[in-house]
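In listed order, ligands and their atoms are each counted from 1. For the single chain, residues carry numbers from 1 onward in sequence order.
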Amino acid sequence: MAGLLGFLGRGPERHAPDAARGDKGPFLEGLMQDVPLSIPDILDHAACFHGAREMVTRTLEGPIHRTTYADLHLRARKCAQALKRLGVKPGERIATLAWNTYRHFEAWYGIIGTGAVCHTINPRLFEDQIVYISNHAENPYIFTDTTFVPILEKIADRLDSAKAFIVLADRAHMPKSKLKNLICYEDMIAAEDGRFNWVRMPETAAAGLCYTSGTTGNPKGVLYSHRSNILMYLASGVGDGISLHSSDTILAVVPMFHANSWGLVYSAPSNGAKLVLPGMKLDGPSVYELLETEKVTFTAAVPTVWLMLLQHLEANNLKLSTLKRVVIGGSAVPRRILEAFEDNYGVEVIHAWGMTETSPIGTLCVLKAGQTDLPRAEQVKIKLKQGRPIFPVQLKIVDDEGKALPHDGKAFGRLMIKGPFIAKAYFKGEGGDPLDADGYFDTGDVATIDGEGFIQITDRAKDVIKSGGEWISSIEIENIAVGHPKVAEAAVIGLYHPKWDERPLLIIVPKAGESVTREEILAYLEGKIAKWWMPDDVVFIEEMPHTATGKIQKTALREMFKDHVLPTAK
Ligand code: AMP
């Protein structure tokens, strides 16, 4: 079957090399306008056609703030005007260290509207990483929330390029700080009239910069263009995708510093959807309150956020009265989250896969014709996969020699990706050339692709457990283990084994107030995974280490358990 599909043009072999596509010879030029794709146009459109539509923010100071796209448009232009007055030049990287709020949104469009690059820094990174990133990007100005001023105070004398810090606050909430060059954002824009024409840039000009969290080596900068960001949100916005409507109310839980909040910072205003921004409060009760009071219909975030929400719903016997759809990505969606949302609360889950380097959405999991008639258990199996590539993304899986593997749902290999919003290099050439000979980017993920084109991520390449020459998927075991009613989080790492090279160790964080035994966990896994995938040992810890983007930090776990000897290895 897989061979036949390949022959019919569905397999990876359908793609002719690029040289054969980009005809150099004479051709008939199309007669359509050469209007460059430009991010500030999104806000112009929102102000003109959805001017009264609301943006709601839970401010860091506490109260809920309400504004409209028309007002945001004016204030973003005032911000651009002020930046120009400060001497900001096209192409300069202006940093933001901020939660999702209306002021961060204005600064985002203001920065890009001067022709500069909006460089979001993840405030959860270690101080040394923030110093490295800011110096590497040569940030002359850093927008910051009041909450991050203490971090900046500690590192300011190591920030080589920073001329001033623009605090996203009004005069009354300006922090007392020993930082010398603080600018109050509200004062800064109050001095402008907003009569400002966006600085027009070619569509291939850089517009955004986001560094990968980099578990090994220094973080690397992914430099988005106007074109790549717009194409990503359009491509992911189709019917079998995020599919937003002007009638939607979106809660953007996914941070703007996490790869463009998965495009919501563009798709919400361009569709005229109401946008709700949660500020710094991402705990279950706070997210629930916004979902209900603002009548949210659509939201997106990583699984850890949804675990907190679901725990709150279950503990308090609550319902979700308006939410219809939730996009979940960043790590694999555990079955428990999928089933709770869909079966208990009537909310459709769309599983997404992507990475900073893919702008970030590469695949979305929406059932195809025919699959919607399958029995529920079959549908759940498909929905736990990461989904299909969104056009025009191209995907293939390859073996260690770079040979394409079949789309049979069984063969797993390195996932390679290509397309107009996929990185071709890192900022300042760090890390060398990341593309293969055919122009595909190596994601570092290991995946299968089934006959319908659905990918399933089995691991990061470096986390795969190699047992006796075969691969064991840590993600699959984790997702099953986390379904145990007494388990809060689960992680699997490979440990040395004299006979099999590596064998799995299962690390469990029990739910608060629960105690669970090794035997209970192993009995729960029995029959749900292949016998030879069964962990050789189960250990319990109080807290799971996470990366700055909310993923389980396997490097920390490997360090923690480097001296652990598996009972089977003794
Ligand atoms: P980041 O660049 O920080 O967003 O991390 C990207 C990585 O997160 C990917 O290469 C995957 O390893 C992982 N990832 C993202 N989405 C998923 C998903 N739905 N399932 C499994 N892993 C995911």
Side-chain angles (χ1 to χ4, degrees), residues 120-122 124-125 129 133 208-217 219-224 232 236 241-242 254-263 300-306 326-335 337-338 349-366 382-390 393 395 397 412-417 421-423 426 431 434 440-449 454-464 473-479 482 490-492 546-555:
T120 50
I121 300 182
N122 184 340
R124 296 186 186 124
L125 292 171
Q129 287 175 311
I133 286 174
L209 177 63
C210 192
Y211 281 71
T212 59
S213 12
T215 42
T216 51
K220 297 196 281 288
V222 179
L223 194 59
Y224 307 113
M232 196 294 292
S236 60
I242 286 182
V254 52
M256 285 156 70
F257 57 73
H258 196 180
N260 310 307
S261 58
W262 303 352
V302 294
T304 36
V305 169
W306 302 128
V326 54
V327 173
I328 311 181
S331 331
V333 176
R335 174 185 288 266
I337 294 188
L338 175 81
V349 170
I350 303 174
H351 192 175
W353 167 89
M355 51 198 313
T356 309
E357 290 90 332
T358 64
S359 295
I361 297 177
T363 66
L364 286 169
C365 191
V366 174
I382 301 170
K383 298 197 88 167
L384 288 170
K385 296 188 173 192
Q386 280 74 6
R388 304 176 263 134
I390 52 173
V393 162
L395 288 179
I397 43 171
F412 50 103
R414 287 181 90 96
L415 182 65
M416 311 290 289
I417 184 165
F421 45 88
I422 312 301
Y426 291 100
Y440 280 80
F441 177 88
D442 185 344
T443 64
D445 284 335
V446 174
T448 59
I449 306 181
F454 286 69
I455 70 160
Q456 179 152 28
I457 305 285
T458 56
D459 256 309
R460 289 295 292 164
K462 57 184 180 333
D463 296 334
V464 150
S473 161
S474 63
I475 295 184
E476 204 163 327
I477 306 176
E478 287 160 7
N479 280 354
V482 89
V492 176
H546 287 108
T547 66
T549 48
K551 299 182 216 304
I552 292 174
Q553 202 173 12
K554 298 246 170 129
T555 43

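Nearest heavy atom pair, residue V327 against residue W306, reads O-NE1, 4.1 Å. Contact record, K554 with V492: NZ-O, 3.2 Å, taken as the closest heavy-atom pair. Across all non-hydrogen atoms, the minimal contact from K551 to S331 is CG-OG, 4.0 Å.
Atom 4 (O) of ligand 1 has as its closest protein heavy atom H258 NE2, 3.3 Å. Scanning the protein for heavy atoms near atom 6 (C) of ligand 1, the closest one is M355 CB, 3.3 Å. K551 NZ, 3.1 Å is the protein heavy atom nearest to atom 8 (O) of ligand 1. Closest protein heavy atom to atom 20 (N) of ligand 1: Q386 NE2, 2.8 Å. Residue, atom and distance of the protein heavy atom nearest to atom 21 (C) of ligand 1 are A332 N, 3.3 Å.
Within ligand 1, counting atoms from 1 as listed, the ones closer than 4.0 Å to a heavy atom of T356 are 1 (P), 2 (O), 3 (O), 4 (O). Using a 4.0 Å cut-off to heavy atoms of A352, the atoms of ligand 1 that qualify are 16 (N), 18 (C), 19 (N).
Ligand 1 lies nowhere less than 4.0 angstrom from a heavy atom belonging to T212. P360 does not count as a contact of ligand 1, since none of its heavy atoms falls under 4.0 Å from the ligand. Ligand 1 has no atom lying under 4.0 Å from any heavy atom of G444.
One finds a salt bridge joining R460 and D445 here, because a Lys/Arg side-chain nitrogen approaches an Asp/Glu carboxylate oxygen to under 4.0 Å.
The backbone N or O of G387 sits nowhere less than 3.5 Å from a side-chain atom of W353 that would complete a donor-acceptor pair. Listed for the R124 side chain is no donor-acceptor partner under 3.5 Å among the backbone atoms of T549. A donor-acceptor pair is defined here as one N or O able to donate and one able to accept, closer than 3.5 Å; such a pair exists between the side chain of Q386 and the backbone of I457. Side-chain atoms of S236 do not come within 3.5 Å of backbone N or O of I361 as any donor-acceptor pair.
Looking at ligand 1, you won't find any N or O of I328 less than 3.5 Å from one of its N or O atoms. Any N or O atom pair closer than 3.5 Å counts here, and G330 shares at least one such pair with ligand 1. Taking any N or O of W353, backbone or side chain, none lies under 3.5 Å from an N or O belonging to ligand 1.
Relative to atom 18 (C) of ligand 1, the option among C210, G329, S331 with the closest non-hydrogen atom is S331.
Cation-pi geometry between K220 and Y426 is met: the NZ or CZ atom falls under 6.0 Å from the ring centre, inside 45° of the normal.
The part of D445 lying near ligand 1 is the side chain, judged by heavy-atom distances below 4.0 Å.
Each of T458, D459, D463 was checked for a side chain to side chain donor-acceptor pair (under 3.5 Å) with S474, and the lone residue meeting it is D459.
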